[in-house]
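This structure is in structure tokens; I'll ask about it shortly.
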Amino acid sequence: MDTYEYDVVVIGAGGAGLRAAIEARMQGKRVAIICKSLFGKAHTVMAEGGAAAAMGNVNPNDNWMVHFRDTMRGGKFLNNYRMAELHAKEAPDRVWELEQWGALFDRTKDGKISQRNFGGHEYPRLAHVGDRTGLELIRTLQQAVVGLQQQDAREHGEAEGRIKVFAEHTITRLLKEGDRIAGAFGYRREDGGFVLFKAPAVVLATGGVGKSYKVTSNSWEYTGDGHALALLAGATLINMECIQFHPTGMVWPPSVKGILVTESVRGDGGVLRNSEGKRFMFDYVPDVFRPQYAETEEEADRWYTDPDNNRRPPELLPRDEVARSINSEVKAGRGTPHGGVYLDIASRRSKEFILKRLPSMYHQFKELADVDITAEPMEIGPTCHYIMGGVEVDADTQASIVPGLFAAGEVAGGMHGSNRLGGNSLSDLLVFGRRAGLHAAQYVDELGGNRPAVAQADVAAAEAEVVAPLEQSAGENPYTLHAELQQTMNDLVGIIRREHEVQAAIEKLAELAPRREKLAASGGRVFNPGWHLSLDMRNMLLVSECVAKAALERKESRGGHTREDYPQMSAEWRKVNLVCSVGPDGHAQVKKQPLPQMRPDLLDLFERSELKKYMTEEELAEPAAPSD
Ligand code: FAD
């Protein structure tokens with residue numbers, strides 16, 4: 001086993017992990033960055049539309065308060081208000097900083113960083129690089145890491161002495177001494193060798209959980225590792241019932257079902273039509289959003305050129321609303337031949353415009369589906385895209401309830417409430433990645449010489465857990481178990497939930513859990529995907545239990561949690577966070593916890609008539625004192 005000692009170990013090399021690592025290193029800490037993919041291949045690379053930041057470059061009326069309001073509305077007020085506030089205030093600085101580090105954003109005619117429209121954002125707000133923004137974000141952050149390494153080489157004679165990347169390494173356990181984090185254990189994917197990282201602070205930046213679902217826009221890495229590592233280390237998760245089904249995934253051919261079609265298509269003028277050619281979104285504007293959305297096609301179309309005097313097209317409602325509307329159209333028999341609806345930009349924008357603004361989408365459809373999006377509509381439908389739920393953290397420091405454990409990015413919960421607005425993830429990664437790195441470094445400083453030690457018995461237990469699937473001579477096939485899990489989550493805890501179905505999912509998960517312990521992976525430890533999946537199954541099953549149990553508990557519909565049997569939002573449920581932990585039996589358990597109450601100065605940013613749609617009379621009668 002290779003053993004390393006660091007001050008801060010960052011698990012994940014997407015936007016959140018890299019930003020956290022850079023910050024911790026800039027605070028003078030020795031930092032390890034660990035990722036299970038190749039360096040530079042994190043999920044963040046796939047982000048297309050852009051990073052939301054109220055810079056006001058395209059519409060000067062934009063500012064942090066408008067962004068804060070949009071984020072709270074998008075999350076249906078289940079957000080941790082303090083995270084939404086910090087995010088809205090700090091996102092512009094983080095985007096500027098990225099530009100100073102070398103990111104090449106698209107420009108406005110007068111040379112400013114250009115910003116595009118996206119669902120739920122009142123003004124054009126997404127800083128972007130065509131439809132390849134995530135790639136540029138990762139490229140820039142990687143370059144910053146390399147810059148720090150070059151500096152270390154010059155000043156200390158060792159490039160990797162203070163910040164080092166461990167690519168293709170998977171962490172399977174966090175290790176503690178008493179309550180406090182002491183390190184992390186894992187294996188090298190290439191040869192199966194074991195690795196031990198001794199460190200008093202760990203930042204989880206492992207992304208999401210989409211691979212628990214059959215139809216998803218997520219890549220292979222999204223097996224809920226960080227969520228499960230946190231739970232198994234004694235941390236808590238919140239909002240796990242809230243899963244975002246992006247309205248526009250590819251539906252055809254079957255091999256590419258679920259792959260994302262960026263929201264920029266709608267932001268740049270694309271519209272949704274059913275099989276009768278009707279622009280159906282006008283029929284689905286909910287009351288809470290009615291004042292901000294156009295009622296006629298003429299007004300909606302005028303908005304693209306004159307947003308100050310017209311209301312937004314309903315295609316740009318938050319994602320949960322659009323996904324449910326598509327679902328209803330298909331269910332009503334007005335879907336396309338392959339079970340989606342049409343997304344049409346061909347009849348609305350010139351070929352040149354589409355090729356310039358949406359080059360990746362053009363190639364994606366041409367190469368994967370033989371569809372020319374400059375000439376014909378796309379067939380699209382909802383796909384599991386993002387989990388709003390994640391590690392319960394302190395809003396300012398990103399610290400979990402386990403001392404030394406921090407979380408940032410998609411693995412952290414709270415910021416997006418019940419539904420994330422497009423573009424708010426990339427800015428979330430930068431804002432809270434930086435905060436996690438900063439506060440992890442401060443935590444290490446406060447410890448001084450009093451660092452926790454890793455116990456040999458814990459390392460031995462972690463090793464035994466990892467080799468178990470290789471030592472079973474005959475047992476369950478990991479691919480079969482994975483397929484059963486994905487089908488269960490897709491069918492029973494999907495976009496529309498019903499009590500008896502969620503209950504059935506929980507029963508199925510209880511049946512899969514003991515089968516997981518009998519997983520057998522043939523072959524050895526040298527790059528063995530069956531073995532890797534066997535180990536990932538622990539995480540996906542545990543996280544899916546959290547999702548299903550929280551989905552059963554929350555008896556209302558809000559954002560990324562739609563209950564057919566409780567179709568309305570409930571002001572009482574808005575006051576509640578569902579908190580998941582691991583019970584004594586090793587299974588997920590859910591309990592209710594009060595949501596932090598919004599500060600009066602932030603409440604004042606909203607009309608009271610709007611707040612009444614979300615909050616109880618009693619909450620509105622006495623504005624609460626700050627609760628954190
Ligand atoms: P990631 O970038 O996923 O990184 C996770 C890292 O953790 C990886 O390096 C992985 O290897 C590592 N890891 C995971 N488990 C382990 C383990 N056990 N051991 C070691 N390493 C591990 N958001 C926007 O704001 N704007 C957009 O335009 C946008 N477009 C999107 C397009 C697509 C197709 C998709 C799928 C998502 C999009 N999103 C967008 C969402 C956004 O991209 C993600 O939420 C975000 O990139 C997550 O970043 P992260 O840093 O949290 O995690």
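Ligands are counted one by one from 1 in listed order, and the atoms in each one are counted from 1 as well.
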Have a look at ligand 1 and work out which part of Ala205, if any, has a heavy atom under 4.0 Å from it: side chain, backbone, both or neither. backbone
With respect to Ile171, determine whether any N or O atom, backbone or side chain, lies less than 3.5 Å from an N or O atom of ligand 1. yes
Based purely on interatomic distance, does Asp225 place a nitrogen or oxygen under 3.5 Å from a nitrogen or oxygen of ligand 1? yes
With heavy-atom distances below 4.0 Å as the criterion, list the atoms of ligand 1 near Tyr386. 45 (O)
Nearest non-hydrogen protein atom to atom 8 (C) of ligand 1, with distance, is Glu221 OE2, 3.1 Å
Atom NZ of Lys41 with >12 non-hydrogen neighbours under 6.0 angstrom: no
Please verify the inter-ring angle class for Phe166 with His169; under 30° counts as parallel, over 60° as perpendicular, anything in between as tilted. perpendicular
Does any N/O atom on Tyr222 come nearer than 3.5 Å to any N/O atom on ligand 1? yes
Polar atom proximity, Gly409 to ligand 1 (N or O, under 3.5 Å): no
Contact partition for Leu426 relative to ligand 1, non-hydrogen atoms under 4.0 Å: both
What part of Arg420, side chain, backbone, both or neither, has a heavy atom within less than 4.0 angstrom of ligand 1? side chain
Leu260: numbered ligand 1 atoms lying under 4.0 Å from its heavy atoms: 32 (C), 33 (C), 34 (C)
N/O to N/O below 3.5 Å, does that happen between Gly49 and ligand 1? yes
Based purely on interatomic distance, does Gly422 place a nitrogen or oxygen under 3.5 Å from a nitrogen or oxygen of ligand 1? no
Please classify the Leu429 to ligand 1 contact at 4.0 Å (heavy-atom distances, strictly less than): side chain, backbone, both or neither. side chain
Does any N or O atom in Ala13 lie less than 3.5 angstrom from one in ligand 1, N or O only? yes
